[in-house]
Amino acid sequence: MRYLILLFAAAASVLSTAPAHADLRDELAKLLAGDGEVEDSFGYSVAISGATAIVGALGDDDNGTNSGSAYLFDTSDPANPTQIAKLLPSDGAENNWFGCSVAISDTIAIIGALVDDDNGAQSGSAYLFDTSDPTNPTQIAKLLPSDGAEGDHFGWSVAISGATAIVGSPNDDGDNGTDSGSAYFFDTTTGQQLFKLLPNDGAMCDYFGMSVAISGKTAVVGAPDGDGSGSAYLFDATTGQQVAKLLASDGETWDQFGRSVGISGATAIVGACWDGDNGTNSGSAYLFDISDPANPTQLFKLLPGDGAEFDHFGYSSAISGTTATVGAQSDDDNGFNSGSAYVFDVTTGQQSAKLLPSDGAESDMFGNFVAISGTIAIAGSHRDGDNGIDSGSAYLFDASVATPCPGDLDGDGDVDQNDLGILLACYSINDGGDCDGDGDTDLNDLGILLAMYGLPCP
């Protein structure tokens with residue numbers, strides 16, 4: 001007992017002097033437009049598929065003020081990416097905001113232009129590009145909804161998987177009321193509209209379609225306002241039919257559940273950027289098992305280890321295999337609204353890393369948009385200023401999930417006072433503080449934790 005008291009006293013001494021650590025990762029590379037200029041907002045949207053990344057710059061002016069553009073990068077060597085092409089629509093015009101949303105699957109890219117006016121002012125459009133020759137990409141179709149109308153903002157969100165693309169139109173109000181929203185499936189080989197998607201319970205100001213994602217035969221569409229808490233919906237991409245509605249188990253008014261969505265195989269992620277677990281509008285995200293799309297189940301609620309009020313964690317989210325990344329564009333680590341992003345292990349729901357750019361600064365809004373393919377994540381920072389005020393940038397990161405280490409009882413990538421607190425709380429009940437894997441919580445576990453204290457996991 002005296003030995004135990006001495007160890008606890010040593011632990012208290014460590015707590016008072018050791019700095020807190022976290023698994024913070026700087027970028028592999030920073031992406032900049034070769035012709036970037038003031039207020040281009042390069043990085044407002046990002047996507048990645050295999051060795052190709054695409055970055056939207058909705059404020060670029062090649063076809064007139066704020067006509068917009070997008071850029072392709074070869075990321076086969078993620079530490080040394082190269083710009084390989086700039087994408088412009090054949091009919092680009094002033095204030096189209098081409099590049100407000102981007103997505104890519106294999107060699108087909110889709111880019112939204114939410115204030116294009118073919119169907120009326122700010123009705124919106126989207127474009128398909130063939131990037132099979134990445135140095136000479138070609139536009140293959142312009143996508144317009146069959147019932148597009150003024151103010152619909154078709155193209156606010158886009159996603160693509162194989163031969164199917166989905167485009168969100170969150171301000172569509174012709175079916176379920178003002179700003180109820182909609183989304184559309186398109187065949188990427190022909191550019192033809194397949195289905196218009198509407199939720200079974202759509203209502204005014206749902207903003208259904210503000211976020212979209214698709215993987216194989218299943219799509220997920222976010223409706224962040226809904227009844228105030230927000231929701232998301234699963235659709236069958238082969239029939240256009242709704243198969244399930246996703247709700248947070250602890251959803252509350254104004255959580256904005258559905259502000260961002262992602263899907264990979266049998267797992268979906270939904271961001272709730274105004275949730276308040278870590279303070280007002282601190283944000284959260286949720287993982288769902290959708291292996292049976294008609295009967296989805298919530299797996300985990302994701303919260304950052306250092307979340308704080310107004311971080312807006314969950315404003316963006318993405319998933320690839322067993323790794324998820326979540327953006328918090330208003331985090332303040334590098335100054336007010338500098339932004340950050342986080343990596344999570346989908347199998348455990350545990351945070352693996354926090355992503356910060358090495359040159360992050362106030363108001364960069366890093367993490368406004370995130371994407372991931374395999375173990376490479378990309379995050380936009382559209383208000384960064386390397387090429388002038390709000391010219392923008394994007395960053396590549398290693399998003400591999402860290403190997404768990406002894407002593408990291410809360411799975412946040414380091415061994416600190418939180419882990420010690422867990423061990424001490426579990427000491428007498430042998431539940432949750434087992435560092436050495438022998439099935440109980442004892443002096444050996446405390447010794448392992450103290451030896452690792454203050455260190456990041458390898």
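- The shortest non-hydrogen separation linking A33 to N387 is O-ND2, 3.7 Å.
- Of all non-hydrogen atoms in L355 and A377, the two that sit nearest each other are CD1-CB, 4.5 Å.
- Side-chain contact between I110 and V102 is absent, with no heavy atoms from C-beta onward closer than 4.5 Å.
- Remark: the T135 side chain and the D133 side chain contain an N/O donor-acceptor pair separated by less than 3.5 Å.
- Nearest heavy atom pair, residue S69 against residue L88, reads CB-CD2, 3.6 Å.
- Salt bridge status for K217 with D236: absent, with no side-chain N to carboxylate O gap under 4.0 Å.
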- request: Any chance you could lay out the side chain to side chain donor-acceptor pair (under 3.5 Å) test for S41 and H382, step after step, and finish with the verdict?
  value: CA-CA 5 Å; S41 292; H382 67 285; 5.4 Å; no
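- Between the side chain of S330 and the backbone N or O of N337, no donor-acceptor pair lies under 3.5 Å.
- Side chain to side chain, Q193 and S146 meet the donor-acceptor criterion of an N or O pair below 3.5 Å.
- Nearest heavy atoms, T188 versus I140: O-CD1, 4.0 Å.
- A distance-only check finds no donor-acceptor pair linking the side chain of T322 to the backbone of T347 [under 3.5 Å].
- Between the side chains of Y44 and D390, no donor-acceptor pair of N or O atoms lies under 3.5 Å.
- Between the side chain of D275 and the backbone N or O of A272, no donor-acceptor pair lies under 3.5 Å.
- Contact check for N66 versus N96: no side-chain heavy atoms found under the 4.5 Å cut-off.
- Residues V220 and V212 are not in side-chain contact: their nearest non-hydrogen atoms beyond the backbone lie 4.5 Å or more apart.
- Under the 3.5 Å distance criterion, with hydrogens and angles disregarded, no donor-acceptor pair is assigned to the side chains of E252 and S229.
- Between the side chains of E94 and S67, not a single donor N or O lies within less than 3.5 Å of an accepting N or O.
- Of the charged side-chain nitrogens involved, none lies within less than 4.0 Å of a carboxylate oxygen, so that R383 and D364 do not count as a salt-bridged pair.
- For the pair D384/K30, a side-chain contact is recorded, criterion being any heavy-atom separation below 4.5 Å from C-beta on.
- Between the side chains of D225 and Q256, at least one donor N or O sits under 3.5 Å from an acceptor N or O.
- No side-chain N or O of S391 forms a donor-acceptor pair with one of E37 less than 3.5 Å apart.
- The heavy-atom pair separating S340 from D331 by the smallest distance is OG-OD2, 2.6 Å.
- Centroid-to-centroid, the aromatic rings of F154 and Y184 come within less than 6.0 Å.
- Remark: the backbone N or O of A399 is not paired with any side-chain donor or acceptor of T375 at under 3.5 angstrom.
- Contact check for V370 versus V46: no side-chain heavy atoms found under the 4.5 Å cut-off.
- In summary, the side chains of S260 and S317 do present a donor paired with an acceptor at a separation below 3.5 Å, with no hydrogens or angles considered.
- Scanning both residues, L72 and T52, for their nearest heavy atoms gives CD2-CG2, 4.0 Å.
- A salt bridge links K196 with D172: the distance from a Lys NZ or Arg NE/NH1/NH2 to an Asp or Glu carboxylate oxygen falls below 4.0 Å.
- When atom types are taken as modelled, the side chain of Q298 and the backbone of S249 share a donor-acceptor pair closer than 3.5 angstrom.
- Taking the six-membered ring for Trp and the full ring otherwise, Y286 and F300 have centroids separated by 6.0 Å or more.
- Side-chain polar atoms of D152 and N171 form no donor-acceptor pair below 3.5 angstrom.
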